[in-house]
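One structure is given below, encoded as structure tokens.
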2 protein chains.
Amino acid sequence: MKDLKYSRQREAILDNLKSRVDHPTADMLFQSLRKDDPKISLGTVYRNLSLLTEIGRIKKLSDRNGIERYDYNTTDHYHFACKACSKLIDLPTGIIAGLDEKAKHEDIGIVENHSLIFYGYCKECYQKMLYIDSKKAV
Amino acid sequence: MKDLKYSRQREAILDNLKSRVDHPTADMLFQSLRKDDPKISLGTVYRNLSLLTEIGRIKKLSDRNGIERYDYNTTDHYHFACKACSKLIDLPTGIIAGLDEKAKHEDIGIVENHSLIFYGYCKECYQKMLYIDSKKAV
DNA sequence: TTTCATGCAAACCTTTTGCAGGATA
DNA sequence: TATCCTGCAAAAGGTTTGCATGAAA
């Protein structure tokens, strides 16, 4: 792996990601960053996100549309994804102990970690659905 | 939702998917199907996979490269993904029960289901790694 | 004969890459 | 000055879509 040099853009990307809780896509980050730095390019955002993921400073998550999202929090934790608005939320639930061991006894190889995402409807979207249903019922 | 009519291609897609255990991508299915039906098109494969997913006949999985994979088995079960060769393997059901309940008590909305994927190295890839390491050690 | 499905190709969207110039150490 | 990084634009890879034709009900 080659040596990293300081870069203003990389620092901005990391700061921006740190400041938010919405696990943005590369493009969401790009749109936000270009407000302060109109010359920043999407390619730079992608390149730095890959780099930061490689060295373990951030984490990459695949949402169910196959679009990658990024997480500043690299500690083990789980997520909740809204099926309606695609919002991705951290869950305070602790990591479930011994989960990797449970898979391990199968005849599959080496189990290192796991990804657990809960799906459903966030409070906001659920409220909207209730409202629509109530109008139908009239 | 509109009415489905019978289609030879859709039946072939479903049969092919049923016959395999590797959770293929759309293109893997396409490559396999065109051996029997050289005129089938990739667009048809995609359209039918979406359709079948919508009506719940099959399930869609996102692997960590953001490429979609398809599963004939729609019952609840978990998967193991090899970080080296991207192989995706079924794990026997019922490793953990009541997982949705764990998320539910949080203040997030409605939890309907979840996706749990274990990551590691399959037996084949692990063997290869051991072999490479042993040569290095000499 | 109406509705749905197909093949083909173009379009689309996210992500990667080549390259010449710019910043860092 | 050697190495890394950037912006830009083009290319790549997966997926969707428009359209004219074909099959099913």
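Protein chains get the first letters and strands the later ones, always in sequence-line order, with residue 1 at the start of each.
- Considering every non-hydrogen atom in both B:F118 and A:L99, the closest pair reads CE2-O, 3.5 Å.
- For B:R20, the salt bridge (Lys or Arg N to Asp or Glu O under 4.0 Å) partners two or more places apart in sequence, or in a different chain, are B:D22.
- Note that the first and last nucleotides of DNA chain C, 5' to 3', having any atom under 4.0 angstrom from a heavy atom of chain A are C:dT14 to C:dA25.
- Between its opening and closing five pairs, the helix from C:dT1-D:dA25 to C:dA25-D:dT1 changes axis direction by 30°, a value rounded to 10 degrees.
- Hydrophobic cluster membership for B:L88: B:L61 (Ile, Leu, Val, Met, Phe, Trp, Tyr linked by side-chain heavy atoms under 4.5 Å, directly or transitively).
- A salt bridge does not link B:R34 with B:D27: every distance from a Lys NZ or Arg NE/NH1/NH2 to an Asp or Glu carboxylate oxygen is 4.0 Å or more.
- Rounding to whole angstrom units, CG of residue B:N48 and C1' of D:dA23 are separated by 14 Å.
- With sequence neighbours left out, the side-chain contact (heavy atoms from CB on, under 4.5 Å) criterion links B:E112 to A:K83, A:Y121, B:I110.
- Other cluster members for A:I117: A:Y119, joined by side-chain heavy-atom distances under 4.5 Å among Ile, Leu, Val, Met, Phe, Trp and Tyr.
- For B:D15, there are no salt bridge (Lys or Arg N to Asp or Glu O under 4.0 Å) partners two or more places apart in sequence or in a different chain.
- The side chain of A:N65 contributes no N or O atom lying less than 4.0 Å from OP1 or OP2 of D:dT15.
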Where along nucleotides 7-14 of chain D does protein come under 4.0 Å, by heavy atom, of base (B) or sugar-phosphate alone (S), with - for untouched nucleotides? BB-----S

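- Computed from coordinates, the B:Y6 OH to D:dA25 P distance equals 9 Å when rounded to whole Å.
- Checked against side-chain hydrogen bond (donor to acceptor under 3.5 Å, both in side chains), B:S32 has the following partners two or more places apart in sequence or in another chain: B:N16.
- With sequence neighbours left out, the side-chain hydrogen bond (donor to acceptor under 3.5 Å, both in side chains) criterion links A:D37 to A:R8.
- Qualifying side-chain contact (heavy atoms from CB on, under 4.5 Å) partners for B:N65, counting only residues two or more places apart in sequence or in other chains: B:D63, B:I67, B:S86.
- In this entry the distance linking CG of A:L49 with P of D:dC5 reads 14 Å, nearest Å.
- In this view, B:K123 and A:D107 satisfy the side-chain hydrogen bond (donor to acceptor under 3.5 Å, both in side chains) rule, not counting sequence neighbours.
- One interatomic measurement links the two molecules: NZ of A:K5 to P of D:dT6, which rounds to 12 Å at whole-angstrom precision.
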